[in-house]
Amino acid sequence: MACWLLKTEPDTFSLDDLAARPAQTEPWDGVRNYQARNFLRDGMQPGDEVFIYHSSCAVPAIVGLADVVGPARPDPSQFDPHSPYYDPRSDRDNPRWVLRDIRYRSHLPRPLPLAELRLHAAQLEGFALLQRSRLSVMPVAPGHRNLILQLAAGA
DNA sequence: GCCAACGTTGGC
DNA sequence: GCCAACGTTGGC
């Protein structure tokens, strides 16, 4: 079972917001980057594990865990002219953008700040989050996943 | 608020 | 198909 990381701006939608949703589940919409889209659409499987990361905030950090629920499906916001995610060039018969439904699992024992992850850069080599990547959906290698859980659980 | 990184757009 | 200009992300 694969592991992923999703970025979100907590001012817009936080882990707490996810936990407060009906069925603690939210359509993860608004992804408008092709590489991220491909991970969402082609990489993820139902049941996969997801780290939730808070970006563009006082302490950017990995804050919790969630699960992928069900298959990829077209992101309705791409067809909504009033949505900030509207894409007039997307074709209804061949939608360009997809979303996944994401269900809350847990908060980490403590948030794990990006600055702290950087202290372990050697062990996290290849982790897209540390390479100033603008990717909002990225894979997490098993070894990296275990280290993250270990750090969040420990000192 | 600054600015570096970097993905996307569009002229040629 | 190249690549410069542009816009956005996101840490600091």
Side-chain angles (χ1 to χ4, degrees), chain A residues 2-21 26-44 48-66 68 72-102 104-141 143-145 147-155:
Chain A
C3 183
W4 306 88
L5 182 141
L6 295 176
K7 290 183 186 174
T8 183
E9 300 188 14
D11 291 346
T12 304
F13 189 81
S14 69
L15 182 64
D16 288 338
D17 293 329
L18 180 61
R21 280 291 194 259
E26 175 76 0
W28 205 268
D29 64 1
V31 172
R32 295 293 180 271
N33 166 286
Y34 289 103
Q35 199 182 354
R37 189 275 313 268
N38 293 344
F39 285 136
L40 266 187
R41 186 186 63 188
D42 309 327
M44 281 184 182
D48 277 0
E49 181 177 57
V50 173
F51 284 114
I52 302 296
Y53 174 82
H54 284 173
S55 66
S56 294
C57 55
V59 183
I62 301 175
V63 292
L65 280 166
V68 175
R73 54 191 180 91
D75 178 348
S77 67
Q78 69 196 301
F79 303 120
D80 176 5
H82 301 296
S83 167
Y85 304 127
Y86 179 54
D87 183 353
R89 300 191 304 176
S90 185
D91 178 357
R92 276 188 184 274
D93 296 326
N94 185 21
R96 183 177 299 193
W97 307 112
V98 301
L99 60 73
R100 286 279 183 168
D101 295 291
I102 298 298
Y104 173 82
R105 186 195 298 179
S106 63
H107 284 63
L108 294 184
R110 67 183 179 98
L112 197 55
L114 179 63
E116 187 174 338
L117 289 169
R118 290 196 186 287
L119 301 177
H120 302 272
Q123 291 169 81
L124 291 172
E125 192 175 359
F127 187 24
L129 190 66
L130 299 193
Q131 0 222 62
R132 288 188 174 249
S133 166
R134 294 159 55 179
L135 261 189
S136 61
V137 180
M138 67 187 74
V140 182
H144 297 169
R145 176 231 181 227
L147 177 64
I148 290 163
L149 291 178
Q150 214 172 349
L151 290 171

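A, B, ... follow the sequence lines: proteins, then strands. Residue 1 opens every chain. Just so it is clear, the model here is predicted, and its values are computed rather than measured. Worth knowing before you read on, the calculation uses all heavy atoms, side chains too, and leaves out hydrogens, waters and symmetry mates.
Residues satisfying the side-chain contact (heavy atoms from CB on, under 4.5 Å) criterion with His107(A), sequence neighbours excluded, are Leu15(A), Asp16(A), Tyr104(A). In terms of the salt bridge (Lys or Arg N to Asp or Glu O under 4.0 Å) criterion, residue partners of Glu49(A) (sequence neighbours excluded) are, by chain and number, Arg105(A), Arg145(A). Judged as a side chain to side chain donor-acceptor pair (under 3.5 Å), and not counting sequence neighbours, Trp28(A) has no contacts.
Using a 4.0 Å heavy-atom distance criterion, Arg32(A) is classed as making no nucleic acid contact. Contact annotation for Gln35(A): no contact, since no heavy-atom pair falls under 4.0 Å across all strands.
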Response to the item:
With B for base contact, S for sugar-phosphate-only contact and - for none (protein heavy atoms under 4.0 Å), nucleotides 6-12 of chain C reads -BBSBSS
Considering only distance and modelled atom types, tabulate donor-acceptor pairs under 3.5 Å from the side chains of residues 122-131 of chain A, sequence neighbours left out.
none

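Evaluation of the salt bridge (charged side-chain N to carboxylate O under 4.0 Å, His left out) test over residues 27-43 of chain A, restricted to residues two or more places apart or in two chains, returns Arg32(A)-Asp75(A).
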